[in-house]
Engineer: 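The structure's right below; bear with me while I get my questions together.
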Amino acid sequence: MSVSPAEPVDLLDLKLLPAWVKEPTEERKYDYVEGEEAPGRDRRHPAGKRSTFKAGKRDLVRQGKVGSDRRAPRIHGRDEQDRDRGPRPVSRARDQHKRSVVPPEITVRFLPHSPAFESVVAQIKSTSVAYSLFALARLFLEKPERYDVRLMAKAESPVYQLGENGAMSLDRDFLERNAFRFAHEDFYKVDVTQSDPIKGNFSNVAHCKLTGTILGPTNHHNYQPQLRSLYEQRFSRRMSFAEYQRQIEIVNEPALIERWKEEARTVTTYTTLRDGSPSTFASAAEAERHFRSNYLPGLVRSVEEVTIGGVLSRCLPDRTLNRAIEEAWMRETHSPSNTMQELATQLRQAGLNVFRHRRGMLFVSTIRTRPFVHDQGGVSPSVNAILEQLAAKPGINRKELAEKLVADVAGEGAEHRKLALASDLRWLINEGYVIEFNDGSLDLPRAKPKPKGTAEPLISAENSTKEVVAAVSAAEVGPTESGPSEEETEIGRS
């Protein structure tokens, strides 16, 4: 059983990495439970810009261009009665819902999606350039198609899931209450047909003001089941049934009546898929009763650790769990230490070299970097000239390097000198004596002085974590007079 949507494959193209780093982060698109507004969103202002609108209007009021919208208090009618009654009581259902929303005791980790990660490894191995681990981590987190989400809960407060790959929630009652809606396609074949036109004269129909759903005449046999089903699916966690009934209006528009007649012709039947002798049910209510008595017992299981796709993580039916993942994603996007740690581990397992460069930032490359310690008298003057230029001006690119070293040579000698320079530079890069970053900048490896008689420390999980945290801190430090800019830091020009 699976409710996961087909997730598109989004493979990172590292040739475009500098341009991607410059792009603004796309707007968060975390979906909440169907029929519920996202937190902080005002119903009257769908774009979520109410505060900006009010601030602009206050400025116009101060300038005298518009009048204040403060109305004089009414002294007759309902306002006066409301003042006598005092503050209105809060709905019991809404108050219980507010008390039930508590921060879940769950750990959220973001892992690189396997196809995207394998594409990145293949691209890194096909070149000799180095990539910033900080920038790679943010690129994986940028789109949900590029990462997976691992949820780790405690034994006393697990995550509940329908079957092996079904919907999940932190609230078992919520999952059981909506189990048929989440999993009916795995147990029943749904057939939709058109019946004969509805006969009879109807003067009005019931209309839901919150969703726009036409429920039909109140005296129709299907009205009450539809009303209860819509409430349970969309509004049971937000308001009581009595409150929801006040959102139903009776309208007598002929167009809506004809529209209801056309919609009511649609007949949906449910046929079992897992029974030896299939049974067919004429309505969703009958199929749900069969589902609860035959399939639901034993279907809900508790798990302490589960991994889901990034696309699915943004549209979970449990609003509390969805919000916990979104908040963890926001923190990780700002400071991707956990993602960098996971990337560093997997990149090393793939045979790549993760190394620390200037200001403690981490980079990944196919080449193991090392300082040039040979006697300069034993190498060609061209190699010495390259090393001297990079030591004097770190971050120089190939074109600037050629202009400085071949500026005094003209004619055929210049072309020969350029070929020799390219050959020597390629040898230095392949041997790890020069680092070429993905944006084309060049630099010398960082020297690592070691006391005599001490061995290189082994890379343990604890040391790796400290290494990544230090790299994140270095990447988030603002530019200084002697340090690189933030953009240069992210794309490798440290």
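Along the sequence shown, residues are numbered consecutively beginning with 1.
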Engineer: Test ring pair (Phe, Tyr, Trp, His ring centres under 6.0 Å) on F110 and F140 and set out the steps.
Structural biologist: CA-CA 9 Å; F110 297 90; F140 274 100; over 10 Å; no

Engineer: Flag the pair E145 / H113 as yes when at least one side-chain heavy-atom distance between them is below 4.5 Å, and no otherwise.
Structural biologist: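 The answer is no, as the side chains (C-beta and beyond) never meet within the 4.5 Å cut-off.
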
Engineer: Under 4.5 Å between any side-chain heavy atoms of F187 and L296, yes or no?
Structural biologist: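 Side chain of F187 against side chain of L296, heavy atoms only: no contact under 4.5 Å found.
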
Engineer: How many angstroms lie between atom CZ of F437 and atom OG of S132, to the nearest 0.5 angstrom?
Structural biologist: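 Going from CZ on F437 over to OG on S132, the span is 9.0 Å.
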
Engineer: One pair to check against side chain to side chain contact (heavy atoms under 4.5 Å, CB included): N294 and R274. What are the steps and the verdict?
Structural biologist: CA-CA 11 Å; N294 292 272; R274 303 190 179 189; over 6 Å; no

Engineer: Could you walk me through whether F281 and T272 pass side chain to side chain contact (heavy atoms under 4.5 Å, CB included), step by step?
Structural biologist: CA-CA 9 Å; F281 304 95; T272 57; 3.9 Å; yes

Engineer: Could you check whether F174 and Y160 have their ring centres less than 6.0 Å apart?
Structural biologist: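 No - the distance between ring centres of Y160 and F174 does not fall below the 6.0 Å cut-off.
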
Engineer: Apply the test side chain to side chain contact (heavy atoms under 4.5 Å, CB included) to residues L362 and F134: give CA-CA distance (whole Å), side-chain angles for both, the deciding distance (0.1 Å), then the verdict.
Structural biologist: CA-CA 7 Å; L362 293 178; F134 183 85; over 6 Å; no

Engineer: Using the six-membered ring of F355, assess whether NZ or CZ of R368 lies under 6.0 Å from its centre and within 45 degrees of the ring axis.
Structural biologist: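 Judged by the rule (NZ or CZ under 6.0 Å from the ring centre, within 45° of its axis), R368 is not positioned above F355.
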
Engineer: Where is the tightest heavy-atom contact between V108 and A324, given as atom of each residue plus distance?
Structural biologist: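 In this case the closest contact between V108 and A324 is CG2-O, 4.5 Å.
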
Engineer: Measure the spacing between CG of L352 and OH of Y131 and express it to the nearest 0.5 Å.
Structural biologist: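 Result: 11.0 Å between the selected atoms.
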
Engineer: Determine the minimum heavy-atom distance between E232 and R177, stating which atoms define it.
Structural biologist: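 Smallest heavy-atom distance, with atoms named: OE1-CD, 3.7 Å.
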
Engineer: Below 4.5 Å, heavy atoms only, C-beta onward: do V205 and L215 meet side chain to side chain?
Structural biologist: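 SC-SC contact between V205 and L215 ruled out.
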
Engineer: Charged N to carboxylate O under 4.0 angstrom, E327 versus R323?
Structural biologist: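 The answer is no: the pair does not qualify as a salt bridge.
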
Engineer: Could you check whether any side-chain N or O of D171 sits under 3.5 Å from a backbone N or O of D173, counting only pairs where one atom can act as donor and the other as acceptor?
Structural biologist: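 Such a contact is found between D171 side chain and D173 backbone.
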
Engineer: With a 4.5 Å limit on heavy-atom distance, are the side chains of T366 and T127 in contact?
Structural biologist: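 No, side chains not in contact.
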
Engineer: Who pairs with Y188 by side-chain hydrogen bond (donor to acceptor under 3.5 Å, both in side chains), at least two apart in sequence or on another chain?
Structural biologist: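 Residues passing side-chain hydrogen bond (donor to acceptor under 3.5 Å, both in side chains) with Y188: H290.
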
Engineer: Quick one: does any side-chain atom of S229 pair with a main-chain N or O of Q226 as donor and acceptor, under 3.5 Å?
Structural biologist: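 Such a contact is absent between S229 side chain and Q226 backbone.
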
Engineer: Decide yes or no for L141 and P336: does some side-chain heavy atom of the first lie under 4.5 Å from some side-chain heavy atom of the second?
Structural biologist: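 Side-chain contact under 4.5 Å: yes.
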
Engineer: Heavy atoms only: give me the nearest V121-A350 pair and the separation to one decimal.
Structural biologist: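 Scanning both residues, the minimum pair turns out to be CG1-CB, 4.0 Å.
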
Engineer: Out of curiosity, L343 CG to F117 CZ, how far, rounded to the nearest 0.5 Å?
Structural biologist: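 Reported to 0.5 Å precision, the distance equals 6.5 Å.
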
Engineer: Any luck finding a side-chain donor-acceptor pair between D439 and S441 under 3.5 Å?
Structural biologist: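 Their side chains do contain a donor-acceptor pair, which is all the 3.5 Å distance test asks for.
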
Engineer: Please give me the minimum heavy-atom distance between P445 and G432, naming the atom from each residue.
Structural biologist: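 Looking at all heavy atoms of both residues, the shortest contact is CG-O, 3.3 Å.
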
Engineer: Could you give the distance from CG (L151) to OG1 (T307), rounded to the nearest 0.5 Å?
Structural biologist: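 Between L151 CG and T307 OG1, I get 7.5 Å after rounding to 0.5 Å.
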
Engineer: Is the backbone of P297 close enough, under 3.5 Å, to the side chain of R292 for a donor and an acceptor to pair up by distance?
Structural biologist: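 No.
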
Engineer: E262 vs R259, test: salt bridge (Lys or Arg N to Asp or Glu O under 4.0 Å). Steps then yes/no.
Structural biologist: CA-CA 5 Å; E262 188 64 26; R259 176 182 163 190; over 6 Å; no

Engineer: Look up atom OG1 in T211 and atom CG in L230, then write down how far apart they are to the nearest 0.5 Å.
Structural biologist: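 The OG1 atom of T211 sits 5.0 Å away from the CG atom of L230.
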
Engineer: Flag the pair R109 and E332 as a salt bridge only when some basic side-chain nitrogen lies within less than 4.0 angstrom of an acidic carboxylate oxygen.
Structural biologist: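 Salt bridge absent between R109 and E332.
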
Engineer: After noting the C-alpha distance and the side-chain angles of R289 and S293, does the key distance pass the side chain to side chain contact (heavy atoms under 4.5 Å, CB included) rule?
Structural biologist: CA-CA 6 Å; R289 283 194 293 268; S293 61; 6.0 Å; no

Engineer: Working to the nearest 0.5 Å, report the span between CZ of R356 and CG of L133.
Structural biologist: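 Rounded to the nearest 0.5 Å, the CZ-CG separation comes out at 11.0 Å.
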
Engineer: Kindly say whether Q161 contributes a backbone atom to a donor-acceptor pair with the side chain of R301 at under 3.5 angstrom?
Structural biologist: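 No, because the side chain of R301 does not come within donor-acceptor range (under 3.5 Å) of the backbone of Q161.
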
Engineer: Between I308 and M168, is there a side-chain heavy-atom distance shorter than 4.5 Å?
Structural biologist: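 Answer yes - side chains close enough.
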
Engineer: Return yes if a side-chain donor-acceptor contact under 3.5 Å exists between Q341 and S337, otherwise no.
Structural biologist: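 No, because no side-chain N or O of Q341 sits under 3.5 Å from a partner of the opposite role on S337.
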
Engineer: Does D318 reach the main-chain N or O of L170 with its side chain, forming a donor-acceptor pair under 3.5 Å?
Structural biologist: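 Yes; at least one donor-acceptor contact below 3.5 Å.
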
Engineer: For the residue pair P317 and A167, what are the closest heavy atoms and their distance?
Structural biologist: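 Shortest heavy-atom contact: CG-CB, 4.3 Å.
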
Engineer: Report, as yes or no, whether the 6.0 Å neighbourhood of atom CD on Q245 holds more than 12 heavy atoms from other residues, nucleotides or ligands.
Structural biologist: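 Buried by this count: over 12 neighbours within 6.0 Å.
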
Engineer: Which heavy atom in S240 sits nearest to a heavy atom in E243, and how many Å separate them?
Structural biologist: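 Smallest interatomic distance, heavy atoms only, reads N-OE1, 3.0 Å.
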
Engineer: Any side-chain heavy atom of W329 sitting closer than 4.5 Å to one from V149?
Structural biologist: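 Side chain of W329 against side chain of V149, heavy atoms only: no contact under 4.5 Å found.
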
Engineer: Counting C-beta onward and ignoring hydrogens, is there a side-chain heavy-atom pair between L175 and L162 closer than 4.5 Å?
Structural biologist: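 Touching, per the 4.5 Å side-chain cut-off.
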
Engineer: Identify, with sequence neighbours excluded, every residue that meets ring-ring contact (aromatic ring centres under 6.0 Å, His included) alongside F241.
Structural biologist: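 Y231.
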
